[in-house]
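Below, read A as the first sequence line, B as the second, and so on, with proteins coming before strands; counting in each chain starts at 1. This one's a predicted model, so the numbers in the text were calculated from it and none came from an experiment.
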Amino acid sequence: MAIQIRIPPVLRPSVGGARQVAVEGATLREALADLFAQHPAVQSQVVDDAGEINRFVNVYVDNEDVRLGQGLDTPVADGGTVIVLPAMAGGSVFPPNLCRGGGDVLSAIGGTPLVELPHLRPEGGARVWAKLEMLNPSGSIKDRVALSLIDAAEADGRLTPGSGQIVMEPTSGNTGIALAMICAVRGYRFRAVMPESATPERVQQISMYGAEIVFSPGELGSNGGVALARELAAADPTIYMPFQYANPENPNAHYRTTGPEILDALDGKVDAFVAGLGTGGTLMGVGRALREANPDVQIVAAEPLQGEAVMGLRSLEDGYTPEILDVSQLDRKLLVTNTESVQAMRLALRREGIWIGVSCGAALSVALRVAGQMDPDQNVVTVFADGGARYASANLFEEREGEDLEELMEDRLWW
Amino acid sequence: MVGDAPLVLPRALRDELVAHARAGLPNEACGILGGRNGRAERFYPAVNGEPSPFFYSIESRDLLRILQEIERDFGVDAAQEDVEDAVAAIYHSHVESPAFPSRTDVEIAHWPDAAYLIVGLGSEPPDVRAFMIRDGRISRREIIVEG
Ligand SMILES: Cc1ncc(COP(=O)(O)O)c(C=O)c1O
Ligand SMILES: [Zn+2]
């Protein structure tokens, strides 16, 4: 005779699919120890590190909840049955013990605040919210993407932490800075391929983390960087190139983290989402998560005017459509000029006290336009992908008499 | 996992849930809907073991009792079937926030085959919505109110 432990469906993958497992023991503690000896994977799902039954697991012996009696010391008779049932529980707030951080710096990625922009809200329009992505450890939303790219490559064995392997990516900015940080922490060499026209702040920050930089011709823009990186990677198979433009881990990072965080902060009530389009990762991943929660949500791309391909954002007419981008998932594309973007950036500083980057100005400008067309009980959400410090050398933040913003912004890459 | 069939919810049951959610104020209310093949047929109200306006947990003895009742009422053959086969939905209320799973709801959702049905009392009339929660992901499940 033995004791039968009934395994609920959610735990069966950890016990080879069994519906019940026969064990020996005189007490529940011994019976569970035998279960864990037979199926180690199930242990952490039933008990915590101290060996106590997890808070959201109920264990019954003779149809009695052991927590209300002798706990793990409950005697179990030969031929008896132990029932394990996951709790049916939940709530409506975010318990403080689930806050992020606590590991190395990479554990601080994500979990950024969503703040309201009440001082910029159009009169009679929707409420406007922004996710402060410049608060990620390397200073931009791309920390989420870079972490998910590297994690995926480690999971399928293409990268081994500490190996000093070369990771290379065409990026003139935030993705490069984020990859440079992560490679420093995980023990890889990072090589960024970028156009010569990138701002000095970016070049400097990438090299500060110990990365190498390869320049591509400035006049060919970011497409030139992509072409050169592809050539270099094809010539050396030991190089790992995540290539965020075609890697599903880019949108997945946002589907798994950015999107659910926004839904959580607003309890699922998001009526429109506005973001700039670089690789399209943010719009695709966040868009998918929001649409699953509310099929009527508007997913809006802020697109630079054709020819003003300088915003960090991509004009869809400029030739290259990233593989991860499915334009049919966008409800609207609204055009934004350089001037409007800089003006919105200045407004964010002066009225809301938030120093944002140039592409965020474009997204903000469009978000305010969209909010003006919506109702007061609706929510428009945008992301502030990075902070203004990265663009300080461009001298865009303070107004100058007789300035010509269009001219000031020419010949520069802003993302 | 796309395309779970809609959850069929008879109007009388829906009204019963909303009344139960209101009676539970100021705290969240909870319970289980018995039924097979995506069709809710019977409401089993449960005791919230950790009563709070922000939390619910079906009291442990009540949970086992209800699941055993469902086994009996729906003729679940314990040798071959799981009680899950006759659990159409797990229900709870949100007293103010909208009928959308909170981060807490998702973190501790361990019943991948049951719909999570939320009655949002923050709007009038209350919003009743269903979701599937699997591996930390939420997908909306359409509800067809019948009758
Ligand atoms: C500052 C900034 N804004 C917006 C974007 C666009 O994001 P995504 O690549 O997810 O489309 C990027 C990325 O290139 C960026 O660096
Ligand atoms: Zn809830």
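Checked by atom type and distance alone, the side chain of Asp48(A) pairs as donor or acceptor with a backbone atom of Glu52(A) at under 3.5 Å. Of the possible donor and acceptor atoms, one in the side chain of Ser52(B) sits under 3.5 Å from a partner among the backbone N and O of Phe55(B). Judged purely by atom type and a 3.5 angstrom limit, Asn48(B) uses its side chain to pair as donor or acceptor with the backbone of Ser57(B).
When heavy atoms are compared at a cutoff of 4.5 Å, Ile58(B) approaches chain A by way of both its backbone and its side chain. Using a 4.5 Å cut-off between heavy atoms, Leu67(B) touches chain A through its side chain atoms alone. Residue Leu11(A): no heavy atom, backbone or side chain, is found under 4.5 Å from chain B. Looking at Arg19(A), the atoms closer than 4.5 Å to chain B (heavy atoms on both sides) all sit in the side chain, from C-beta outward. In this structure, chain A has a heavy atom under 4.5 Å from the backbone of Gln80(B), while its side chain stays farther away. At a 4.5 Å heavy-atom cutoff, Arg65(B) makes no contact with chain A through either its backbone or its side chain. Neither the backbone nor the side chain of Arg291(A) comes within contact range of chain B; no heavy atom of the residue lies under 4.5 Å from a heavy atom of that chain.
Checked for salt-bridge contact, Glu69(B) and Arg42(B) miss the test: no charged N lies under 4.0 Å from a carboxylate O. The pair Glu133(A)-Arg144(A) counts as a salt bridge, with a side-chain nitrogen and a carboxylate oxygen less than 4.0 angstrom apart.
Chain A forms the most heavy-atom pairs under 4.5 Å with one residue out of Ile32(B), Val83(B), Ile90(B), and that residue is Ile90(B). Top candidate by heavy-atom pairs under 4.5 Å with chain B, chosen from Pro86(A), Pro8(A), Gly268(A), is Pro86(A). Chain B forms the most heavy-atom pairs under 4.5 Å with one residue out of Leu263(A), Ile83(A), Val57(A), and that residue is Leu263(A).
Relative to the ring axis of Tyr255(A), Arg288(A) places its NZ or CZ within 45° and under 6.0 Å from the centre.
By the 30° and 60° cut-offs, the orientation of the rings of Phe43(B) relative to Tyr91(B) is perpendicular.
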